[in-house]
Amino acid sequence: MRPLIRSACRLRARVRAMATLPAAAAFSPSSSAAARPPRIPLARFFLPSAPPPAALGARALRTSAAAAAAAVEVGGVKIAREDVVREEDPTNNVPDTIYSKIGLQLHRRDNHPLGILKNTIYDYFDKNFSGQFNKFDDLCPLVSVKQNFDDVLVPADHISRSYNDTYYVDVQTVLRCHTSAHQAELLRDGHTHFLVTGDVYRRDSIDSTHYPVFHQMEGFRVFSPDDWSGSGMDGTAYAAADLKKTLEGLAKHLFGAVEMRWVDTYFPFTNPSFELEIYFQDDWLEVLGCGVTEQEILKSNGRTDHVAWAFGLGLERLAMVLFDIPDIRLFWSNDQRFTSQFSEGKLGVKFKPFSKFPPCYKDMSFWINEEFTENNLCEVVRGIAGDLVEEVKLIDNFTNKKGLTSHCYRIAYRSMERSLTDEEINDMQWNVREEVKNKLKVELR
């Protein structure tokens, strides 16, 4: 659940007034269900007077001078680099590698797997709820902390608010972590049935299923007392039953006649809360998270005495399964050997791999300090290698008699489109080592 936000998106006047969370607090699983790296205490990240540890590495190398200088347009509003990337602001931790993704909007490309999936979901709602759901897929990703967290009841001490997890433009503005950031304003604008699709941003680990930018869809439906009167159920039970019926139909629309099950869970903005799983390809797959919206959210946005349901899903997570796409980096590829395989309206066309280039592994060991986090390390590596880094994996750690802790990480470099030369891999690894030493203040071994 991760204007309309048009008012929030008028950000050339500095975006100050604006605004599925990391997995623990968002409906949609992030780009995967894989285990996330260890977290460090929140207190380290709530000192506005001190530079956040995340304001590191990726700025060392720019994607390109042209990309950095060009403004992008989202929802009719131009966003310049200086609106998002501010090297001199200690509360800013957005690198150029992230700014370069704003405005690409893969979900709006009808011949792209994400666009095909989005439109297939639209088709389901159009067929079963004709004319009822308003669709928004061009809302500004720059939102306020209030919109991203407070409006959806994320606790003040929740880990997702930390600089380790979220990209902060300044202390009041973030790149949305989930499409739920638009929920409250859409409710205040009078919308009762809506689908919101967009790119979302989270600092994360590096592997084949995680990427710091991915795409979510949020669905929301409000019911008035007249809807459930005479049903023999209270509002909450009525909304929950309608939610499950709706989403079981969506799962069947996407995956066919599959076995399904509901799992009780927790989200801060719904009660009760559920996850829908399907039995697909000989395993249980989590499809989405959902629930009955907390009354506090409805009352705060002019919907007293109403009930509502909401769901959120990650487009990449489902598209990787439906199209057999093995690496999340491929969604960003402009290689015609990838893009030419997909056509508008054709869901589930199986991706045919076109690259068998082997990975190259480089190990790096260092003594960590109290401020070290794996997310910060991954930002440094992405800033140097971009999408040529396939995985960063902790392979060894130990603590010596003096109490110093050493980590050894294995970095896998591999292009999805060509063979990398020894020279460029060695250059990248040398730059990574220098940046890790200088930016993370660790001692290389």
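Numbering starts at 1 and runs along the sequence shown. Worth saying up front: this structure is predicted, and the values here are computed from it rather than measured.
- Screening residues 334-355 for salt bridge (Lys or Arg N to Asp or Glu O under 4.0 Å) gives Asp335-Arg337 as the qualifying pairs, with residues at least two apart or on separate chains.
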Using the side-chain contact (heavy atoms from CB on, under 4.5 Å) rule, take Phe149 and His158 through it: C-alpha gap first, then chi angles, then the decisive distance, then the call.
CA-CA 9 Å; Phe149 298 121; His158 197 277; over 6 Å; no
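- The heavy-atom pair separating Ala71 from Tyr99 by the smallest distance is CA-OH, 3.7 Å.
- In this structure, Ile121 and Leu313 have side chains that are in contact, with non-hydrogen atoms separated by less than 4.5 Å.
- With hydrogens and angles disregarded, a donor-acceptor distance shorter than 3.5 Å links the side chain of Thr166 to the backbone of Ser160.
- Residues Pro141 and Val74 share a closest heavy-atom pair of CD-CG1, 3.9 Å.
- Although no hydrogens or angles enter the test, the distance criterion places no donor-acceptor pair under 3.5 Å between the side chain of Thr173 and the main chain of Asp170.
- Going from atom CD1 of Ile116 over to atom CG of Leu315 covers 12.0 Å, rounded to the nearest 0.5 Å.
- Note that the CG atom of Leu117 and the OH atom of Tyr122 stand 11.0 Å from one another [nearest 0.5 Å].
- Every side chain to side chain contact (heavy atoms under 4.5 Å, CB included) that Leu153 has, sequence neighbours left out, goes to Glu294, Glu296, Ile297.
- Asp151 CG to Lys146 NZ: the interatomic distance, rounded to the nearest 0.5 Å, is 3.5 Å.
- Counting heavy atoms from C-beta on, the side chains of Leu276 and Trp262 come closer than 4.5 Å.
- A search for salt bridge (charged side-chain N to carboxylate O under 4.0 Å, His left out) contacts involving Asp126 returns Lys135, not counting sequence neighbours.
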Is there a side-chain contact (heavy atoms from CB on, under 4.5 Å) between Thr192 and Phe220 once you walk through the steps?
CA-CA 7 Å; Thr192 59; Phe220 201 92; over 6 Å; no
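- Within the structure, every pair that satisfies the salt bridge (Lys or Arg N to Asp or Glu O under 4.0 Å) test and touches residues 103-121, not counting sequence neighbours, is listed here: Arg108-Asp137, Arg108-Asp138, Lys118-Asp137.
- There is no side-chain donor-acceptor pair under 3.5 Å between Asn148 and Arg161.
- The two residues Thr197 and Met217 come nearest to each other via the heavy atoms OG1-CE, 3.4 Å.
- In this structure a side-chain-to-backbone donor-acceptor pair under 3.5 Å is present from Asn92 to Val84.
- In terms of modelled atom types and a separation under 3.5 Å, the side chain of Arg203 and the main chain of Tyr163 share a donor-acceptor contact.
- A salt bridge links Glu87 with Arg81: the closest approach of a Lys/Arg side-chain nitrogen to an acidic carboxylate oxygen falls below 4.0 angstrom.
- Here the CD1-CD1 distance, from Ile328 to Ile206, works out to 12.0 Å after rounding to the nearest 0.5 Å.
- Inter-residue side-chain proximity for Phe351 and Pro113 is flagged as unmet; no heavy-atom pair is nearer than 4.5 Å.
- The shortest side-chain heavy-atom distance between Gln341 and Phe354 falls under the 4.5 Å cut-off.
- Checking each of His193, His191, His182 against Phe136 for a ring pair (Phe, Tyr, Trp, His ring centres under 6.0 Å) leaves exactly one that passes, namely His191.
- Remark: side-chain polar atoms of Gln295 are not paired, donor with acceptor, to backbone N or O of Asp305 under 3.5 angstrom.
- The closest side-chain heavy-atom distance from Tyr409 to Val432 is not below 4.5 Å.
- The shortest distance between side-chain heavy atoms of Arg176 and Asp199 falls below 4.5 Å.
- A side-chain hydrogen bond (donor to acceptor under 3.5 Å, both in side chains) check over residues 386-397, counting only residues at least two apart or in different chains, returns the pairs Tyr211-Asp387, Arg329-Glu390, Glu390-Arg414.
- Using a 4.5 Å heavy-atom threshold, the side chains of Val200 and Cys177 count as separate.
- Here the side chain of Asn301 pairs no donor or acceptor atom with the backbone of Leu187 at under 3.5 angstrom.
- Checking side-chain atoms of Thr270 against main-chain N and O of Ser273 turns up no donor-acceptor pair under 3.5 Å.
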For a side-chain contact (heavy atoms from CB on, under 4.5 Å) check, start with the C-alpha distance between Tyr167 and Asn93, then their side-chain angles and the critical distance, and finish with the verdict.
CA-CA 6 Å; Tyr167 289 106; Asn93 66 348; 4.1 Å; yes
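- A perpendicular orientation is assigned to the rings of His407 and Phe372, their planes being inclined by more than 60° (bins at 30° and 60°).
- Of all heavy-atom pairs spanning Ala308 and Phe223, the tightest one is CA-CD1, 4.4 Å.
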Are Ser333 and Met416 close enough, and set up right, to give a side-chain contact (heavy atoms from CB on, under 4.5 Å), and what steps lead you there?
CA-CA 8 Å; Ser333 176; Met416 305 300 293; over 6 Å; no
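- Checked by atom type and distance alone, the side chain of Glu371 never pairs as donor or acceptor with a backbone atom of Leu440 at under 3.5 Å.
- Ring geometry for Phe338 versus His112: interplanar angle over 60°, hence perpendicular rather than tilted (30 to 60°).
- In this structure, Tyr238 and Trp228 have tilted ring planes: the angle between them lies in the 30° to 60° band.
- Residues in residues 235-260 take part in these salt bridge (Lys or Arg N to Asp or Glu O under 4.0 Å) pairs, two or more places apart or across chains: Arg221-Asp242.
- Of all non-hydrogen atoms in Asp226 and Ser229, the two that sit nearest each other are O-OG, 3.3 Å.
- Nearest heavy-atom pair across Cys408 and Leu394 is O-CD1, 3.5 Å.
- How far CG of Leu377 is from OG of Ser205: 11.0 Å, rounded to the nearest 0.5 Å.
- By the 4.5 Å heavy-atom criterion applied to side chains, Phe214 and Asp204 are not counted as neighbours.
- Here Phe133 contributes atom CZ and Tyr124 contributes atom OH; the two are 9.0 Å apart, rounded to the nearest 0.5 Å.
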